[in-house]
Asker: 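Once you've had a glance at the structure underneath, I'll fire off some questions.
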Amino acid sequence: APGHRHVPDDARQIAAVPDTDDPRPWRRCVGLMLIGPDGRVFVGNRADTAGEHWQMPQGGIDEGETPREAALRELHEEIGTDRAEIVAEYPDWLSYDLPPEISRRIWGGRYRGQMQRWFALRFTGTDEDIDLAHHHREFTAWRWEEVDRLPTLVVGFKRDVYRKVVAAFRHLATGRG
């Protein structure tokens with residue numbers, strides 16, 4: 001589907017693909033499926049958008065940082081805990097395009113969307129370890145959610161990426177293939 005392509009690991013290959021009119025690259029970032037002890041997944045309600053906008057944590061990869069390092073940093077920054085261990089990594093980069101009215105407004109208009117490396121993490125703490133105000137507040141609220149509901153909760157332009165991530169990591173949350 002347009003906007004949702006597998007991209008090689010080589011970070012230099014983030015330029016637009018030929019079948020689009022948008023020449024801007026995707027912003028490199030990570031996505032985190034944090035799986036709680038009962039198999040439900042952490043979701044937060046975005047602080048930068050009014051209303052109900054639930055998603056899993058995600059964030060940019062800093063210069064010189066590996067995706068794995070970025071995942072652990074983002075976990076700590078966005079939800080205020082390091083009480084988790086990486087248990088799986090999605091084998092490819094997944095990308096999505098933002099609607100033009102959003103992509104031209106954020107990140108100085110430099111990016112058409114995001115190219116993400118996804119990680120599944122097993123939460124080893126308790127709910128009390130989660131502190132949304134630890135760093136810059138990304139979420140106004142959080143909850144544990146059933147893994148199969150994740151694609152229906154997220155904004156439409158991220159839905160295909162969420163379906164792929166859920167399909168790849170569902171067995172880690174449910175104990176089933």
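Residue numbers run from 1 in the order of the sequence given.
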Asker: If you look at every heavy atom in A47 and T140, which pair is closest and at what distance?
Answerer: CA-CG2, 3.6 Å
Asker: Start with the C-alpha distance between V166 and D148, add both sets of side-chain angles, then the distance that settles side chain to side chain contact (heavy atoms under 4.5 Å, CB included), and finish with yes or no.
Answerer: CA-CA 7 Å; V166 165; D148 288 322; 3.8 Å; yes
Asker: Taking all non-hydrogen atoms of both residues, which atom of C29 and which atom of W93 are closest, and how far apart?
Answerer: O-CZ3, 3.7 Å
Asker: Side-chain contact, heavy-atom cut-off 4.5 Å: R24 with S103?
Answerer: yes
Asker: Which distance, rounded to the nearest 0.5 Å, do you find between the CG of D127 and the CD1 of I130?
Answerer: 5.5 Å
Asker: Using 0.5 Å steps for rounding, measure from the CG atom of L121 to the CE atom of M56.
Answerer: 11.0 Å
Asker: Any side-chain hydrogen bond (donor to acceptor under 3.5 Å, both in side chains) involving residues 53-65? Give me the pairs, sequence neighbours left out, ordered by first then second residue.
Answerer: R46-Q55, E52-W54, Q55-K158, Q58-Y96, Q58-Q116, D62-R73, E65-R73
Asker: Which atom pair, heavy atoms only, marks the closest approach of A173 to V147?
Answerer: CB-CB, 4.1 Å
Asker: If you measure from CG on D97 to CG on D22, what distance do you get to the nearest 0.5 Å?
Answerer: 6.5 Å
Asker: Is any side-chain heavy atom of V165 less than 4.5 Å from a side-chain heavy atom of M33?
Answerer: yes
Asker: Assert yes or no for the condition that the ring centre distance of W26 to Y111 is strictly below 6.0 Å.
Answerer: no
Asker: Measure from the side-chain N and O atoms of T124 to the backbone N and O of R83, and report whether any donor-acceptor pair falls under 3.5 Å.
Answerer: yes
Asker: To check you understand the geometry: which heavy-atom pair defines the closest contact between V161 and S95, and what is its length?
Answerer: CG2-O, 3.7 Å
Asker: Are any non-hydrogen side-chain atoms of W144 and V41 less than 4.5 angstrom apart?
Answerer: no
Asker: Over all heavy atoms of both residues, which pair between G60 and A70 is shortest? Give the atoms and the distance, please.
Answerer: O-CB, 4.2 Å
Asker: Starting at CZ of R68, measure out to CZ of R117 and round the result to the nearest 0.5 Å.
Answerer: 10.0 Å
Asker: Checking the side chain of R122 only, and the main-chain atoms of E85 only, is there a donor and an acceptor separated by less than 3.5 Å?
Answerer: no
Asker: Decide yes or no on side chain to side chain contact (heavy atoms under 4.5 Å, CB included) for F139 and N45, but give the supporting numbers first.
Answerer: CA-CA 5 Å; F139 300 119; N45 191 31; 5.7 Å; no
Asker: Is any side-chain heavy atom of W142 closer than 4.5 Å to one of F42?
Answerer: yes
Asker: Could you tell me the separation between the CG atom of L34 and the CZ atom of F123, rounded to the nearest 0.5 Å?
Answerer: 6.5 Å
Asker: Would you say E69's side chain and T66's backbone share a donor-acceptor pair under 3.5 angstrom?
Answerer: yes
Asker: As an exercise, state the distance from CD1 of I102 to CZ of R104, rounded to the nearest 0.5 Å.
Answerer: 12.5 Å
Asker: Give me the atom names and distance for the closest heavy-atom approach of P67 to V30.
Answerer: O-CG1, 3.4 Å
Asker: Could you check if a side-chain atom of V87 sits within less than 4.5 angstrom of a side-chain atom of L172, using non-hydrogen atoms only?
Answerer: yes
Asker: Look at the side chain of R40 and the backbone N and O of E145, then say whether any donor-acceptor pair between them is shorter than 3.5 Å.
Answerer: no
Asker: Going by heavy atoms in the side chains, are P57 and E74 under 4.5 Å from each other?
Answerer: no
Asker: Given the rule in the side chain to side chain contact (heavy atoms under 4.5 Å, CB included) test, do I79 and H134 qualify, once you have shown the distances and angles that lead to the verdict?
Answerer: CA-CA 7 Å; I79 66 172; H134 172 76; over 6 Å; no
Asker: Using the side chain to side chain contact (heavy atoms under 4.5 Å, CB included) rule, take W107 and L98 through it: C-alpha gap first, then chi angles, then the decisive distance, then the call.
Answerer: CA-CA 12 Å; W107 306 311; L98 290 163; 3.4 Å; yes
Asker: With the side chain counted from C-beta on, respond yes when W118 and K164 share a heavy-atom pair under 4.5 Å apart, and no when they do not.
Answerer: no
